[in-house]
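Reading through the structure tokens given below for one structure.
Throughout, protein chains are lettered first and strands after them, A, B, ... in sequence-line order, and every chain is numbered starting at 1.
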There are 2 protein chains.
Amino acid sequence: MSVKRIETRKMGSDLAAMDRPGEGPGVQIPTVDRILSAAARLFAARGMAGVGLREITAEAGVNLAAVNYYFGSKEKLLEALFLRRAQPITAERMRLLACCAEGPGRPPMLEQLLEAFLRPAFSLGLEAGVDGATFGRLRARLSVESEELYRRIVAQAFNPSTRAFLDAIDAALPELPRAEVEWRFHFMLGTMIYTMAGSGRIQSITEGQCRPGEVDMALAKLVPFLCAGFRAPVTG
Amino acid sequence: MSVKRIETRKMGSDLAAMDRPGEGPGVQIPTVDRILSAAARLFAARGMAGVGLREITAEAGVNLAAVNYYFGSKEKLLEALFLRRAQPITAERMRLLACCAEGPGRPPMLEQLLEAFLRPAFSLGLEAGVDGATFGRLRARLSVESEELYRRIVAQAFNPSTRAFLDAIDAALPELPRAEVEWRFHFMLGTMIYTMAGSGRIQSITEGQCRPGEVDMALAKLVPFLCAGFRAPVTG
DNA sequence: GTCCGTATAAAACACTCGTTTGATCAAGGC
DNA sequence: GCCTTGATCAAACGAGTGTTTTATACGGAC
């Protein structure tokens, strides 16, 4: 019944400015960032319900109560973490989208658009101490989730930029009905998320021949495949 | 320290023969099957770590100890459940694969193969009291998982039939290097699993215009898209 | 009748969970 | 000096975890 005494400290990034760089070997990463890093790793590896706050705070080297102190709850921690990691991806996407243009000596528009959409998702999302695949796996997890909270988090983070690309691709394929573009865009999301998740299933099928993981290799395989799919004639 | 006193009852299907059909309105579904149904629903909706045995057994209307009595552990319950639901899918796949053949008046071989691979996954996997999307979501969850146990379960259930299709598709695309076929097969798995998961993301982007869910509609959109992708010229 | 193997039931076991509570410590203002 | 403020801490809260144990009921075999 008691009212929350402290209504959650206001995040990290601004506080992070406190530690001046170069004042010694012990730079002391702020508590908030250490929690975010550890939580990203563990959530990605074992899911939200699969990791406890005690494990997260232990790995981050902070006190158990710090999560509720800074974020308010476990769910809010996930939300803050996801939005923070998604932001650079969507920003880079929009930047690359603005660079897409038809012209002599350039690839076709569709190829440019897919590359601009996919590359940031594959190459960004990493932070200090976290390998790139981590956020991809977390994203895949949330994408497969059916609970409203998780879907809201993903939609909130990615819908605007995604919709911009959907419109641009639709414009680049004028002969294709909008509904068809949406279906194929959905299929693209599937390949992207499944590849980012690094399920390892293709390795298990081919006994390790095919290793999706290196960004450039994956993109070089993915973009032509998807472009051909987008350009497939409509079947009536 | 104590040794397991009872080494797990030997499953359900054989026991299910005990209840003769038509001996009254109360047909009494066996305990094992009720557990499997409830567990499938709940695991699919909230993940393995997100549901407790108490909730499963309550929904199934059986005693808490029944899970450990019949399956041995929560993990073994998941494994039994997954293998049992996957079996009809792989069986139907292999049956359809055997029906694929080139000939006048038939679709091209690649279209036949993809249809044979995808349709059982979309249309089967449902059981008494469980809607079709349930197992698809569970499959998507396990596919995204990184822990060895879950990957082993998926591989064990689906690798043989999947490998058969990989070989058949490879044979149907003789001009394509094997490695390229494997990449594209991996992409196909992504679209399939993501669509089966019914993430609802495309609905959220298009504000409900595009509804993947009806089997025939999804297949009619998916097969041409994927076939075009498979037939894309190799770049490099 | 007893005996036996199977099935269900209730209770307990030893933990772990997310969250909250006070206490403590270090600065900064005045 | 005191007071305040933000941060960290150990400890406890109540509820929930998977699993095991003990006990009880049912049903044929003999």
inquiry  = If I take atom CG in residue L42(A) and atom P in nucleotide dC17(C), what distance separates them, rounded to the nearest angstrom?
reply    = 12 Å

query = Is the distance from OP1 or OP2 of dT8(C) to the nearest side-chain N or O of Y69(B) less than 4.0 Å?
reply = no

message = If I take atom CG in residue N63(A) and atom C1' in nucleotide dG18(C), what distance separates them, rounded to the nearest angstrom?
response = 14 Å

key: Euclidean distance, atom CZ of residue F71(B) to atom C1' of dT19(D) [Å, nearest integer]   = 16 Å

key: Straight-line distance of L189(A) CG to M196(A) CE, nearest 0.5 Å   = 9.0 Å

ask   = According to a strict under-4.0 Å criterion, is T31(A) in side-chain N/O contact with OP1 or OP2 of dT8(D)?
value = yes

message = Can you measure E75(B) atom CD to dT17(D) atom C1' for me and round it to whole angstrom units?
response = 14 Å

task = Report yes or no: is there a donor-acceptor pair, N or O only, under 3.5 Å between the side chain of R54(B) and the base of dG16(D)?
result = no

query = Rounded to whole angstroms, how far apart are CG on L64(A) and C1' on dC17(C)?
reply = 10 Å

note = dist R119(B):CZ -> L124(B):CG (nearest 0.5 Å) comes out at 10.0 Å

Nucleotide dT20(C), atom P - distance to CG of N68(A) in whole Å = 6 Å

request  = Give a yes/no answer on whether the side chain of Y70(A) brings an N or O atom under 4.0 Å of OP1 or OP2 in dG6(D).
outcome  = no

task = State whether E182(A) and K221(B) are salt-bridged, where the test is any N-O pair (Lys NZ or Arg NE/NH1/NH2 against Asp/Glu carboxylate O) under 4.0 Å.
result = no

note = When rounded to whole Å, the CE to P distance for the pair M48(A) and dC17(C) reads 16 Å

query = How would you label the contact of A65(A) with the nucleic acid (heavy atoms, under 4.0 Å): base, sugar-phosphate, or nothing?
reply = base

request  = Could you tell me the separation between the CG atom of L53(A) and the P atom of dT19(C), rounded to a whole number of Å?
outcome  = 6 Å

query = Can R152(B) and E79(B) be counted as an ion pair, charged N to O under 4.0 angstrom?
reply = yes

